[in-house]
Asker: 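I'd like to ask some things about the structure below.
When reading the values below, keep in mind they use all heavy atoms of this one structure, side chains included, and skip hydrogens, waters and symmetry mates.
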Amino acid sequence: MTQEEIVQAAERLADAARNATAVEMLTISTPGLSVEDGYRIQRASIARRLGRGETLVGMKMGLTSRAKMEQVGVFEPIYGHLTDVMRCQNNGIIARSDHIHPRVEPEIAFVISRDIDRPIQANEAIGYIDGVTAALEIIDSRYRDFQFALADVVADNASSARFVLGETLTRPHRLNLEQITMLMTINGAVMGQGVSSAILGNPLESLVALVSALAEQGEVVKAGQIVLAGATTAAVHLNPGDHVCLDAEGLGVTEFSVS
Ligand code: OOG
Ligand code: MG
């Protein structure tokens with residue numbers, strides 16, 4: 001794709017998000033769209049957002065659990081960018097009307113303590129993490145019927161819409177990161193129940209994969225950034241009035257409501 005086509009695709013997705021109206025997936029008009037071009041579109045759309053005054057606050061991994069891969073039929077982990085505008089305070093309110101067909105999913109988030117400027121293994125990753133918290137991610141594919149191929153979802157910044165972090169940061173060495181049980185309820189009903197090992201065997205592996213994918217672009221995960229490791233269970237549709245609560249063992253409770 002030419003740079004002009006990349007920017008056009010980024011604008012199309014940005015308009016879809018702004019108007020909360022779904023668009024046709026890019027691979028229909030561009031069947032050969034590569035994952036590489038998908039990431040070029042993602043970066044062009046993030047550059048636009050940063051140009052409008054948003055700040056980059058972190059990164060997210062997606063499709064890092066079997067349940068998530070099966071739900072969307074894409075079997076490759078991906079990453080996306082998180083900006084300050086996507087962050088919602090714990091116990092805050094998310095407007096249903098700002099979104100097309102929002103879904104929520106239970107996640108683990110890391111706050112990075114120092115730049116990760118070299119390849120790492122999972123057992124070293126802990127040395128780069130200030131704290132761990134329970135997170136809820138609100139995803140909202142800009143594509144019709146929440147359907148896409150790998151390159152489409154990459155271009156669409158991995159469906160990122162909003163995220164909510166818990167208020168307490170727990171030191172990683174105090175946790176068994178493979179064994180955190182996670183319970184997501186909506187209006188009191190259990191909607192997702194899982195263990196953190198569902199995320200690539202250990203959510204630290206998700207950070208390792210992110211570091212290595214960014215290294216291909218000459219980029220690094222930076223001190224102070226938030227990293228979402230990916231959902232343990234399938235995402236659940238959100239409706240106006242919903243109250244969503246995630247209780248992750250040892251990490252506390254994260255919650256929000258939908259207006
Ligand atoms: C893609 C984003 C996946 C996760 O945690 O697996 C994701 C999607 O499901 O639309 O954020
Ligand atoms: Mg997610």
Asker: Rounded to the nearest 0.5 Å, what separates atom CZ in R18 from atom CG in D98?
Answerer: 12.5 Å

Asker: Report yes if the side chains of V72 and L63 come closer than 4.5 Å at any heavy-atom pair, otherwise no.
Answerer: yes

Asker: Should V236 and M182 be regarded as members of a common hydrophobic cluster, given that ILVMFWY residues are connected when their side-chain heavy atoms come within less than 4.5 Å of each other, either directly or indirectly?
Answerer: yes

Asker: Quick one: OG on S160 to NE2 on H81, what's the gap to the nearest 0.5 Å?
Answerer: 9.5 Å

Asker: Does S65 reach the side chain of T232, with side-chain heavy atoms less than 4.5 Å apart?
Answerer: no

Asker: State, with a plain yes or no, whether a side-chain heavy atom of V132 is found less than 4.5 Å away from one of L251.
Answerer: yes

Asker: Ignoring hydrogens, what is the shortest heavy-atom contact between I6 and A44? Give both atom names and the distance.
Answerer: CG2-CB, 3.9 Å

Asker: Under a 3.5 Å distance rule, please check whether D242 uses its side chain to pair with a backbone N or O of I186 as donor and acceptor.
Answerer: no

Asker: Return yes if some donor-acceptor pair links the side-chain N/O of S141 with the main-chain N/O of F146 below 3.5 Å, else return no.
Answerer: no

Asker: Verify side chain to side chain contact (heavy atoms under 4.5 Å, CB included) between I199 and L204, making sure each step is shown before the conclusion.
Answerer: CA-CA 9 Å; I199 307 165; L204 292 172; over 6 Å; no

Asker: Decide yes or no for T254 and V244: does some side-chain heavy atom of the first lie under 4.5 Å from some side-chain heavy atom of the second?
Answerer: no

Asker: Given side chains that start at C-beta, do those of V220 and I116 come closer than 4.5 Å, heavy atoms only?
Answerer: no

Asker: Within a radius of less than 6.0 Å around CZ of R118, do more than 12 heavy atoms belonging to other residues, nucleotides or ligands occur?
Answerer: yes

Asker: Please determine whether a side-chain nitrogen of the Lys or Arg among E219 and R43 lies less than 4.0 Å from a carboxylate oxygen of the Asp or Glu.
Answerer: yes

Asker: Group every Ile, Leu, Val, Met, Phe, Trp and Tyr by side-chain heavy-atom contacts under 4.5 Å, then state whether L13 and I100 land in the same group.
Answerer: no

Asker: Residues in side chain to side chain donor-acceptor pair (under 3.5 Å) with S212, at least two apart?
Answerer: none

Asker: Apply salt bridge (Lys or Arg N to Asp or Glu O under 4.0 Å) to residues E54 and R52 and explain how you reach the verdict.
Answerer: CA-CA 6 Å; E54 293 182 37; R52 286 203 313 258; 3.6 Å; yes

Asker: Is a salt bridge present between R12 and D15, judged by a nitrogen-to-oxygen distance below 4.0 Å?
Answerer: no

Asker: Just wondering, do E255 and V164 contact through their side chains at under 4.5 Å, heavy atoms?
Answerer: no

Asker: I'd like to know if the side chain of T27 pairs up with that of D152 as donor and acceptor (distance under 3.5 Å, no hydrogens or angles considered).
Answerer: yes

Asker: Kindly compute the distance separating NE2 (H101) from CZ (R142), expressed to the nearest 0.5 Å.
Answerer: 8.0 Å

Asker: Indicate yes or no for a side-chain donor-acceptor contact from S196 to the backbone of I180 under 3.5 Å, with no hydrogens or angles considered.
Answerer: yes

Asker: Do F163 and V104 belong together in a cluster built from hydrophobic side chains that touch within less than 4.5 Å?
Answerer: no

Asker: With rounding to the nearest 0.5 angstrom, report the CE to CG distance, M191 to L238.
Answerer: 9.5 Å

Asker: If you apply the rule side chain to side chain contact (heavy atoms under 4.5 Å, CB included), what do you find for N202 with Q179, and how did you get there?
Answerer: CA-CA 8 Å; N202 181 336; Q179 288 298 326; over 6 Å; no

Asker: Given side chain to side chain contact (heavy atoms under 4.5 Å, CB included), test S159 with Y143 step by step and report yes or no.
Answerer: CA-CA 9 Å; S159 309; Y143 302 116; over 6 Å; no

Asker: Nearest 0.5 angstrom please: C88 SG to E137 CD, how far?
Answerer: 12.5 Å

Asker: For Q217, I'd like to know if atom CD has over 12 heavy atoms of other residues, nucleotides or ligands within 6.0 Å.
Answerer: yes

Asker: Ignoring hydrogens and angles, state whether a donor on the side chain of T181 or E249 is under 3.5 Å from an acceptor on the partner side chain.
Answerer: yes

Asker: Over all heavy atoms of both residues, which pair between L50 and L56 is shortest? Give the atoms and the distance, please.
Answerer: CD2-N, 3.6 Å

Asker: For a quick test of reading the model, state the closest non-hydrogen atom pair linking P119 to E124 and the distance between them.
Answerer: O-OE1, 4.5 Å

Asker: List the atom of L246, the atom of A134, and the distance in Å for their closest heavy-atom pair.
Answerer: CD2-CB, 3.9 Å

Asker: Nearest 0.5 Å please: distance from the CG atom of D84 over to the OG1 atom of T55.
Answerer: 3.0 Å

Asker: Is there a side-chain contact between V227 and L210 (heavy atoms, below 4.5 Å)?
Answerer: yes

Asker: Are I46 and M59 in one and the same hydrophobic cluster, where Ile, Leu, Val, Met, Phe, Trp and Tyr link if side-chain heavy atoms are under 4.5 Å apart?
Answerer: no

Asker: Under 4.5 Å between side-chain heavy atoms, counting indirect links through other Ile/Leu/Val/Met/Phe/Trp/Tyr residues: same cluster for L228 and M184 or not?
Answerer: no

Asker: Take a 6.0 Å sphere around NE2 of H243 and say whether it holds more than 12 heavy atoms from other residues, nucleotides or ligands.
Answerer: yes

Asker: Between Y39 (side chain only) and G80 (backbone N and O only), is there a donor and an acceptor less than 3.5 Å apart?
Answerer: no

Asker: If you look at every heavy atom in A109 and A135, which pair is closest and at what distance?
Answerer: CB-CB, 3.9 Å

Asker: Could you walk me through whether V111 and T133 pass the side chain to side chain contact (heavy atoms under 4.5 Å, CB included) check?
Answerer: CA-CA 8 Å; V111 177; T133 191; 5.6 Å; no

Asker: With distance as the sole test, does E167 use its side chain to make a donor-acceptor pair with the main-chain N or O of G252 at under 3.5 Å?
Answerer: no

Asker: Working note: Y128 + F110, criterion ring-ring contact (aromatic ring centres under 6.0 Å, His included); need CA distance, chi angles, decisive distance, verdict.
Answerer: CA-CA 9 Å; Y128 291 88; F110 300 123; over 10 Å; no

Asker: Could you tell me whether the side chain of T64 and the main chain of A229 form a donor-acceptor pair under 3.5 Å?
Answerer: yes

Asker: State, with a plain yes or no, whether a side-chain heavy atom of L33 is found less than 4.5 Å away from one of M1.
Answerer: yes

Asker: Identify whether the distance between the nearest side-chain nitrogen and carboxylate oxygen of D130 and R114 falls below 4.0 Å.
Answerer: no

Asker: Should we count CD of E70 as having more than 12 external heavy atoms under 6.0 Å?
Answerer: yes

Asker: At their closest point, which heavy atom of M25 faces which heavy atom of Q147, and how far apart are they?
Answerer: SD-O, 3.6 Å

Asker: Between the side chains of D115 and K222, is the shortest nitrogen-to-carboxylate-oxygen separation below 4.0 Å, so that they form an ion pair?
Answerer: no

